Student: 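Sharing a structure with you now.
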Amino acid sequence: MNRVMLDRLWPLLTGLAVLLAGVLVLEGYAARRAADPLRITIQDERIPSADEDAGEAPAALERRDEAPPVSPRHAQARTLARRA
């Protein structure tokens, strides 16, 4: 190979090696970290028809707000959803 080509290639290969080493470090950190997965359960799986959806939208929202949150994260998610 040409020496000029090799001189241009080494910085690129070094950068690639640094990026791959960083990925491996992050993967190792994530594997050691004991994070419990967040499980979400859907309690009411009934899909409303088009007529029910249009007529009962305000009532459904009121009922949803009256139900107590399942967990503190659920309450936080509900507050963030209202802001959006």
Side-chain angles (χ1 to χ4, degrees):
M1 288 190 134
N2 192 358
R3 180 156 175 85
V4 174
M5 186 172 143
L6 288 176
D7 288 340
R8 292 180 184 170
L9 188 61
W10 283 112
L12 180 66
L13 292 176
T14 303
L16 179 64
V18 168
L19 287 174
L20 288 175
V23 166
L24 291 174
V25 168
L26 287 174
E27 284 288 329
Y29 171 74
R32 284 191 309 268
R33 195 173 142 219
D36 295 329
L38 177 63
R39 294 194 173 102
I40 300 172
T41 58
I42 300 173
Q43 295 175 352
D44 185 15
E45 295 185 22
R46 187 179 64 88
I47 299 173
S49 66
D51 296 334
E52 290 178 358
D53 192 28
E56 296 182 9
L61 289 175
E62 289 174 9
R63 279 183 295 188
R64 191 179 309 148
D65 290 339
E66 292 174 3
V70 178
S71 67
R73 284 190 77 157
H74 182 225
Q76 181 184 14
R78 188 181 279 178
T79 303
L80 292 174
R82 283 188 199 124
R83 289 182 190 168

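On a predicted model such as this, the values are computed, not experimentally measured, just so you know.
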Student: Going by side chain to side chain contact (heavy atoms under 4.5 Å, CB included), name the residues that satisfy it together with Arg32, two or more places apart in sequence or in a different chain.
Tutor: Tyr29
Student: Please round to the nearest 0.5 Å and tell me the distance separating atom OG1 of Thr14 and atom CG of Leu9.
Tutor: 9.0 Å
Student: Apart from Val23 itself, what residues make up its hydrophobic cluster, given side-chain heavy atom links below 4.5 Å?
Tutor: none
Student: Show me the side-chain donor-acceptor pairs of residues 69-77 shorter than 3.5 Å, one per line, residues at least two apart or across chains.
Tutor:
unit_1, atom_1, unit_2, atom_2, d
Ser71, OG, His74, N, 3.2
His74, ND1, Val70, N, 2.9

Student: Can you list the residues that meet the side chain to side chain contact (heavy atoms under 4.5 Å, CB included) rule with Leu20, with sequence neighbours excluded?
Tutor: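 Side chain to side chain contact (heavy atoms under 4.5 Å, CB included) check on Leu20 returns Leu16.
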